[in-house]
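For reference, the structure discussed in these notes is given below.
So you know, we letter chains A, B, ... as the sequences are listed, proteins then strands, and number each from 1.
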Amino acid sequence: MERRKALQSLAVAVGGLVSLPGWASSWNRAGIPSGQSFLAPNADALLAEVVEVIIPTTDTPGAKALGVHTFIQKIVTDCMEPSAQESLTKGLTAVEALAQKTYSKSFASLDAAQKTELLKTVSQSTEPDQKGFFSMVKGMTIQGYMTSEYVMNNITHYEFVPGRYHGCVPVVAKNSTSKNQQNK
Amino acid sequence: MANFAIDAVKATTYDAIVIGSGISGGWAAKELTEKGLRTLVLERGRDVKHVVDYPTTMLNTWEMEHRGQLPLGIRQENPIVGKCYAFHEASAHFFVKDAEHPYVQEKPFDWIRGYQVGGKSLLWARQTQRWSQFDFDGPARDGFAVEWPIGYADIAPWYSHVEKFAGITGNKDGLAQLPDGEFLPPHEWNCVEKYFSQQMAAKYKDRPVIMGRAAHITQPQPIHLQQGRAKCQHRNICVRGCPFGGYFSSNASTLPWAAKTGKLTLRPHSVVHSIIYDEKKGKATGVRVIDANTKEMIEFYARIIFVNAAAMNTNLVLLNSTSNRFPNGLGNDSGVLGKYVAFHNYRAGISGEYDGFLDSTTEGRRPNGPYIPRFRNVFKQETDFLRGYAAGFSANRMSRTNQDGFGVDLKNSLANPTLGGWSVNSHMMGETIPKVTNFVALDKDLKDPFGIPQIRFSVAYDDNDDKMVKDYQEQMMEMFTAAGFKNLRVRDENRNPGIDIHEMGGVRMGKDPKTSMLNKWSQLHHCKNVFVTDGASMTSTSTQNPSLTYMALTARAADYAVKEMKKMNL
C-alpha cells in the first residue's frame with residue numbers, strides 16, 4: 001500500500017501533473033448546496049432580466065444563463081446586512097414601475113434597447129436607492145459572472161493546478177479568447 | 001478487584017504522552033515512535049486525515065456556496081478569528097470559532113487557533129528560516145529576558161534533521177545572520193524582485209534580498225515519496241490542506257509516519273485538563289483528559305510527557321496542573337510561568353509601483369516570496385531600539401479591467417483585461433522583547449465550556465515596537481525609493497498582538513531554574529520527565545518564522561528523552 005502510494009506520488013512528481021491520483025481526489029462532495037432564492041418568482045425572473053442586460057448573451061452565455069441572479073440572491077441572503085435584501089427588492093420594484101411608467105409594459109417584455117435605456121436611467125438616478133441598487137447589482141453581477149464555471153474555464157482560463165511559477169516571461173499579445181466557446 | 005484496577009491502569013499506560021498534534025506535537029510523535037516508544041498523542045479537536053478530510057481542497061470557486069465569501073453570521077460571531085487573513089469559506093472549518101474557547105483580554109489579543117489533528121500545521125504560512133547564533137545571543141547581549149541555554153551549534157544538526165524530512169525549498173545564500181539549510185531547489189524570482197535584489201546588493205553591504213525558504217517540496221527526495229508526498233503543484237491554496245502533500249503538515253508527514261511504526265495511538269476529542277504530578281515519586285505520572293464528547297474525565301499514564309499544546313495552551317495546561325508541591329503550576333518554583341510572553345510585530349508595511357519590465361510578466365503561482373533578513377542591530381547595537389525586523393517582499397504584475405458601463409462593452413472589457421505596471425509590497429516581522437508585564441494567567445472565576453479556567457491575556461506593544469515600526473517604514477521607504485519604485489504608501493495597521501499568530505514564551509528555557517522553566521534539553525527544571533518544545537519554550541522571539549525551530553527543538557528533546565530513559569534517568 002505504501003509502495004503504491006509512493007509510486008503514485010512519483011508519477012505525479014516525475015511526469016508533471018497528468019491527472020489527480022485517486023488518493024488525491026477522494027474528498028467529500030457532500031455539503032455543497034445548490035443556489036437559493038429569497039425573491040418571489042416574478043422578482044427572481046426580473047432580476048434575471050436585469051443581470052442579462054448588464055452582461056448579455058453574445059456568442060458566449062450571458063449572466064442569466066450562468067445563473068448570476070441566483071448567485072446574487074444567495075450572497076444577499078447569507079453574506080450581507082439584512083438591509084441589502086430590502087434594497088434589492090425595492091430596487092426591482094422601482095425598475096418594474098419605471099418600465100410601466102415609461103413604456104406601459106413590463107420590463108421583461110421591453111426590447112433590448114429599451115431595457116438598456118431604462119437601466120441607464122436607474123444607474124444615473126438622483127434617487128440614492130435606485131443608484132445604490134444598480135451599483136450593488138452591477139458589482140455582484142460582475143462577481144458572479146467572473147466566478148462562474150463557464151467564465152473561469154473558457155474566458156479567463158483559470159488554472160486550478162498550475163504546477164509551475166515562471167517569474168519572467170515575455171508579455172505576448174493577447175489573442176481574443178471570447179471566441180473559444182466549444183464548451184458552451 | 002485489585003487486578004481489575006491494575007489492568008485498567010495498564011490499558012491507559014504508554015511510554016510517552018504527547019499533548020497536541022500540531023507542528024511540534026507531530027514531530028514528537030514521529031521521533032518517539034521511531035525510537036520504539038508506545039506513544040499516545042492527545043488532540044483536543046477532531047481527527048483530520050490527510051487528503052480525505054480536506055473537504056474544500058478540490059473545490060473550484062464556483063463550487064463553493066458563497067464562492068469564497070463568509071456568511072454574515074459567521075463574520076459577526078467571530079470578530080477575532082474573522083481578522084485572520086486565512087479565514088475564509090474554503091478554510092473556516094480548520095479555525096477555532098470565537099465562542100468555542102473563550103478567553104479574557106485584559107489587553108486586546110487576537111488569539112488564532114486550530115483545534116484538530118494537525119493543528120495549525122494545516123494553516124501555517126510555511127516560511128522556514130533557521131536562527132543564527134546572533135539570534136540566540138540576543139537576550140544576553142542586549143540585556144533582556146534571560147540568556148538562552150543553547151546556541152546555534154546545539155540546534156544546527158536538528159535543523160538539518162527536520163529540514164530533510166519536511167522538505168524545505170531555499171537558496172544557499174551563505175549569510176551569517178540566516179544560516180543555510182538542507183534545501184530543495186529554490187523558487188523563481190520575477191523580474192522586478194530580481195531587480196530589487198540586485199539594486200539592494202549594489203546599494204547596501206548588509207541588506208541582501210533572498211528567495212524565501214519555505215516548507216514546500218520543489219523536488220521530491222526518496223524520503224518525501226516514502227511519506228506519500230509529491231511535488232508542490234503551485235496551487236497556492238495551501239490552507240485547505242494539500243492533496244499532494246506538497247507542503248509540510250503533521251497530517252501529511254509526521255503523523256502518518258508515526259502511525260506506520262505501529263507505536264502510535266492518536267486520541268482526538270481529548271481536551272487536556274492537567275498533568276498529574278506524583279509527590280512521592282517526584283515526577284509527573286500522566287495526564288488528565290476531558291473527553292470532548294462525553295465530558296468524562298479520564299487519566300492516561302506515561303513515563304515521559306511532551307507538552308506541545310500550542311504556545312499559550314501549553315501555558316494553560318501547566319498553570320492548571322497544580323499540586324501540593326506545585327501550587328502555582330507544574331514546575332513553577334521560579335514564578336515565571338506564563339510570564340515573558342512575546343510575539344512578532346507585523347504592524348507595518350509598504351506598497352508601491354514600478355514601471356519597468358513592462359515587457360515581462362509572470363506565469364503560474366508561487367506559494368512563497370522573497371525575504372529580507374534582519375539587518376538592524378545584527379552584529380552590534382546601532383539604533384535607538386533593541387533588536388530588529390525581517391521583511392517579506394514581493395512584486396506582482398497588475399491586471400486591470402475596465403468596468404465602466406454595462407452591456408456588450410462591459411462584457412468585452414471583462415474578457416480583455418489589460419496589464420498594468422508592477423505592484424511591490426513588503427511587510428515587517430519585528431522581534432518583540434519578552435517582559436514580565438506581558439503575561440498570561442488563569443482567570444479566577446471564568447471557565448471554558450469544559451470547566452477549565454479561562455486564560456487571561458495581558459500582552460501589549462511597547463515603545464521599542466513603535467520605534468521599530470517607524471524605522472521599518474523609513475528604511476523601506478529609502479530602499480524602495482532607491483530602486484525607483486513609485487507611489488509609495490507606508491502603513492501601520494495597528495493590529496493587535498496575536499494576529500501575527502507567532503505568540504511565544506511563558507515557559508521559557510534558561511540556565512537558571514530560579515529565572516526559567518526549562519533547561520537546555522527543554523525539560524522542566526523541577527519535573528524532569530515533562531518536556532515543552534512548542535512556542536511556549538522560547539526565551540526570545542528573534543524575527544524568523546518560528547515553526548522550524550520548534551520542530552528542531554522537539555526532535556532534539558525527543559532524542560535526549562529516549563537516551564535518558566535508556567539510562568534509567570527518566
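- Two rings, from B:F393 and B:F196, have their centers less than 6.0 Å apart.
- Look at A:D78 and A:K74 and you find a salt bridge, because one of the NZ, NE, NH1 or NH2 atoms lies within 4.0 Å of a carboxylate O, short of that distance.
- Of all the listed residues (B:T418, B:N190, B:D409, B:T401), the one sharing the greatest number of non-hydrogen pairs under 4.5 Å with chain A is B:N190.
- Near-neighbour residues of residues 360-370 of chain B relative to chain A, defined by a heavy atom under 4.5 Å from a heavy atom of that chain, comprise B:S360, B:T361, B:T362, B:E363, B:G364, B:R365, B:R366.
- Using a 4.5 Å cut-off between heavy atoms, B:Q76 contacts chain A through its side chain alone, with no backbone atom that close.
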message: Working note: B:F165 + B:Q227, criterion side-chain contact (heavy atoms from CB on, under 4.5 Å); need CA distance, chi angles, decisive distance, verdict.
response: CA-CA 9 Å; B:F165 189 83; B:Q227 296 169 45; 3.4 Å; yes
message: For a side-chain contact (heavy atoms from CB on, under 4.5 Å) check, start with the C-alpha distance between B:H88 and B:Q69, then their side-chain angles and the critical distance, and finish with the verdict.
response: CA-CA 6 Å; B:H88 46 66; B:Q69 288 185 57; over 6 Å; no
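- Between B:F357 and B:Y354, the ring-plane angle classifies as tilted under the 30° and 60° cut-offs.
- Taking the six-membered ring for Trp and thresholds of 30 and 60 degrees, B:F95 and B:F87 have ring planes more than 60 degrees apart, a perpendicular arrangement.
- Of the atoms belonging to A:E81, heavy atoms from both backbone and side chain fall under 4.5 Å from chain B.
- Interface check for chain B: of the options A:T116, A:V151, A:I142, the most heavy-atom pairs under 4.5 Å are formed by A:I142.
- Cysteine sulfur proximity is not satisfied for B:C232 and B:C242, their SG distance being 2.5 angstrom or more.
- Of the candidates B:E65, B:E77, B:H66, B:H66 is the only one forming a side-chain contact (heavy atoms from CB on, under 4.5 Å) with B:P71.
- For a residue to count as touching a neighbouring chain, one of its non-hydrogen atoms must lie under 4.5 Å from one of that chain's; by this rule B:I74 does not touch chain A.
- At a 4.5 Å heavy-atom cutoff, the contact between A:M80 and chain B is made by backbone atoms alone.
- Comment: B:E34 engages B:K30 in a salt bridge, judged by a side-chain N to carboxylate O separation of less than 4.0 angstrom.
- For B:L414, the parts lying under 4.5 angstrom from a heavy atom of chain A are both the backbone and the side chain.
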